[in-house]
Protein chains: 2
Amino acid sequence: MDIKTSCLGVLALRPASGYEIRKAFEEGPFSHFAEGGFGSIYPALSKLTGEGLVTFEVEAQEKRPDKKIYQITDAGRATLVEKLCEKAPDDDKYKSDLLFILFFAGQLPADRIRNVIDDRIAFYQAKLDHLSECGGAGEGSAPDLVRGFGVTVYSAAMSYLQDHRQDFIKLADDNRPAADAAD
Amino acid sequence: MDIKTSCLGVLALRPASGYEIRKAFEEGPFSHFAEGGFGSIYPALSKLTGEGLVTFEVEAQEKRPDKKIYQITDAGRATLVEKLCEKAPDDDKYKSDLLFILFFAGQLPADRIRNVIDDRIAFYQAKLDHLSECGGAGEGSAPDLVRGFGVTVYSAAMSYLQDHRQDFIKLADDNRPAADAAD
DNA sequence: GTCCGCATGTAAGTAGTTACATGATTCA
DNA sequence: TGAATCATGTAACTACTTACATGCGGAC
């Protein structure tokens with residue numbers, strides 16, 4: 001999703017500063033489907049302000065730069081709904097680098113294969129831990145159902161990697177018979 | 001994966017023209033983890049040629065533009081392996097637009113929710129059909145194992161959507177009690 | 001007779017990322 | 001003393017995407 005819509009999405013839940021929006025992308029429920037650094041968030045908020053989709057109030061702080069608390073406007077909410085109705089959700093290609101790398105397992109060192117698989121398993125585990133922690137929106141709520149999707153998909157992916165870890169490693173370049181190395 | 005590496009990947013399997021590389025991104029086994037249009041493929045091939053990672057031979061054709069058949073060089077193969085060893089495969093965030101949309105199911109019309117879910121189920125089904133067709137690389141081969149990953153993940157995602165389709169639809173904006181509409 | 005497949009490429013535009021710039025506070 | 005958190009923002013760069021430009025042949 002584009003950065004402006006992602007910001008509107010966070011602000012639809014509660015007012016926030018640019019800094020807090022970024023935290024939401026990293027830690028909150030949005031971390032599973034949105035991202036963006038300061039370099040894109042701040043310009044996005046400027047544009048949204050110019051378009052009247054958000055407003056902000058400055059909260060003075062003594063020992064830090066003043067904090068701008070952004071709030072979504074009615075026009076902003078309407079725009080968010082519009083975007084979510086118009087946009088064709090064409091992504092989700094699992095066009096993952098991991099699969100690209102594993103496709104060439106036979107040409108790569110076993111250590112590399114082991115590392116990418118183990119790192120990914122750890123990544124899935126961390127995601128699953130995070131998903132089980134950040135419940136609390138209520139059974140059957142949209143956030144809860146979306147969370148369930150994440151759990152289902154990450155679990156399936158993790159199990160597959162665990163089950164086939166050894167198969168991939170066996171394929172790796174340095175496991176091929178000596179005939180090959182002596183070539 | 002960046003476009004240059006993706007092209008090298010296709011060429012590592014067989015020589016091909018720019019046009020054929022694009023077909024590989026759309027239809028072949030690469031369609032599950034690589035993509036790119038002509039606007040990125042042709043410039044990438046020029047750069048790769050300049051770097052000595054690929055060479056090409058011109059195959060004259062009478063009634064069409066001459067075809068350039070690109071072939072990977074030894075340096076190209078080495079570079080591919082290097083890239084696949086260096087690059088941190090950090091993607092796979094399931095940062096999908098679908099989940100973003102479903103997260104806001106309560107604010108959107110039921111028709112929209114129904115459509116995105118049904119479209120996505122059809123998409124998964126098409127992917128699964130395609131994956132089962134394009135077997136043939138041999139049991140336990142890298143392409144086969146990668147294919148298995150795709151089947152596992154797509155199946156899990158599809159089942160989840162099928163099982164929770166009604167739950168999402170029930171949450172939708174126009175299913176809320178009249179009290180809300182009369183507000 | 002119009003759209004699709006084959007076949008190559010360029011130019012302009014978009015949407016981001018990365019690095020820079022600044023600076024106090026708090027924790028190890 | 002050095003890193004992490006809080007806090008905002010700009011400028012340069014990268015890497016694609018989209019639209020344009022050209023043109024024949026065959027299928028429907």
Side-chain angles (χ1 to χ4, degrees), chain A residues 1-11 15-28 30 33-51 54-70 83 87-88 90-91 93 95 97 100, chain B residues 1-8 10-11 15-28 30 33-51 54 56-70 83 87-88 90-91 93 95 97 100:
Chain A
M1 198 60 71
D2 64 288
I3 188 69
K4 280 183 357 178
T5 308
S6 298
C7 289
L8 283 179
V10 173
L11 294 175
S17 66
Y19 191 87
E20 286 162 348
I21 289 173
R22 198 187 170 220
K23 270 210 311 204
F25 287 170
E26 280 199 327
E27 297 166 17
F30 283 90
F33 44 78
E35 59 180 344
F38 294 129
S40 40
I41 291 170
Y42 288 120
L45 288 171
S46 296
K47 282 178 215 160
L48 290 170
T49 304
E51 294 164 12
V54 304
T55 56
F56 63 88
E57 275 172 41
V58 177
E59 192 177 281
Q61 297 193 122
E62 265 173 44
K63 315 243 172 143
R64 296 182 191 287
D66 291 350
K67 209 165 155 180
K68 287 188 188 174
I69 309 288
Y70 289 87
K83 276 269 176 62
K87 220 224 157 198
D90 26 28
D91 302 329
K93 328 202 128 177
K95 63 172 194 85
D97 290 349
F100 196 101
Chain B
M1 198 59 72
D2 65 289
I3 188 68
K4 282 186 351 182
T5 307
S6 298
C7 289
L8 284 179
V10 173
L11 294 174
S17 65
Y19 191 88
E20 287 162 347
I21 288 174
R22 195 184 171 223
K23 270 210 312 202
F25 287 170
E26 280 199 329
E27 297 166 18
F30 283 90
F33 43 79
E35 60 182 345
F38 294 129
S40 40
I41 292 170
Y42 288 120
L45 288 171
S46 295
K47 280 179 217 160
L48 289 170
T49 304
E51 293 163 12
V54 304
F56 65 88
E57 274 172 42
V58 177
E59 193 177 280
Q61 297 193 125
E62 265 172 44
K63 315 246 170 144
R64 295 182 193 288
D66 290 351
K67 208 167 156 181
K68 287 188 187 173
I69 309 289
Y70 289 86
K83 277 268 176 64
K87 219 224 157 198
D90 27 26
D91 302 329
K93 330 201 126 177
K95 64 173 193 86
D97 291 349
F100 195 102

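Residue numbers start from 1 in every chain, and the chains themselves are labelled A, B, ... in the order their sequence lines are given, proteins ahead of strands.
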How long is the line joining NZ of Lys67(B) and P of dC24(D), in whole Å? 19 Å
Would you please classify the geometry between the Tyr70(B) ring and the Phe56(B) ring as parallel, tilted or perpendicular, with 30° and 60° separating the classes? tilted
Regarding the side chain of Ile3(A), the nearest nucleotide among dG16(C), dA7(C), dG9(D) is dG16(C)
Compare the minimum distances between each of dG9(D), dC16(D), dT8(D) and the side chain of Tyr70(A), then state the nucleotide with the smallest one. dG9(D)
Between P of dG9(D) and NZ of Lys47(A), the distance in whole Å: 14 Å
Toward the 5' end of DNA chain D, which comes first, Gly39(B) or Pro65(A), by nearest nucleotide? Pro65(A)
With a 4.0 Å cutoff (strictly under), does any side-chain N or O of Lys4(A) reach OP1 or OP2 of dG16(C)? no
In whole angstroms, the gap separating P of dT18(C) from CD1 of Ile41(A) amounts to 13 Å
Between atom OH in Tyr19(A) and atom C1' in dT22(C), what is the gap in whole Å? 15 Å
Roughly how many Å is it from CD in Glu59(B) to P in dT8(C), rounded to a whole number? 10 Å
Walking DNA chain C from its 5' end, the first of Ser40(B) and Glu20(B) to be reached, judged by nearest nucleotide, is Glu20(B)
In whole angstrom, what separates Phe38(A)'s CZ from dT22(C)'s C1'? 14 Å
Backbone of Met1(A) reached by a side-chain donor or acceptor of Thr5(A) within 3.5 Å: no
Sidechain N-carboxylate O distance under 4.0 Å for Glu26(B), Arg22(B): yes
Expressed in angstrom and rounded to an integer, what is the separation of Tyr42(A) atom OH from dA21(C) atom P? 18 Å
Just checking Ser17(A): base, sugar-phosphate only, or nothing, at a heavy-atom cut-off of under 4.0 Å? sugar-phosphate
On a heavy-atom basis, which atom in Asp97(A) and which in Ala88(B) lie closest, and how many Å separate them? OD2-O, 4.3 Å
Classify the ring geometry between Phe38(B) and Tyr42(B) as parallel (under 30°), tilted (30 to 60°) or perpendicular (over 60°). parallel
Does Gln61(B) have a side-chain nitrogen or oxygen under 4.0 Å from the phosphate oxygens OP1 or OP2 of dA7(C)? yes
In whole Å, I'd like the distance from the CD atom of Glu35(A) to the P atom of dG16(C). 10 Å
Can you find a side chain N or O atom of Lys23(A) that sits less than 4.0 Å from OP1 or OP2 on dT5(D)? no
Where the side chain of Asp2(A) is defined as all heavy atoms beyond and including C-beta, which of dG16(C), dG23(D), dC16(D) is the nearest nucleotide? dG16(C)
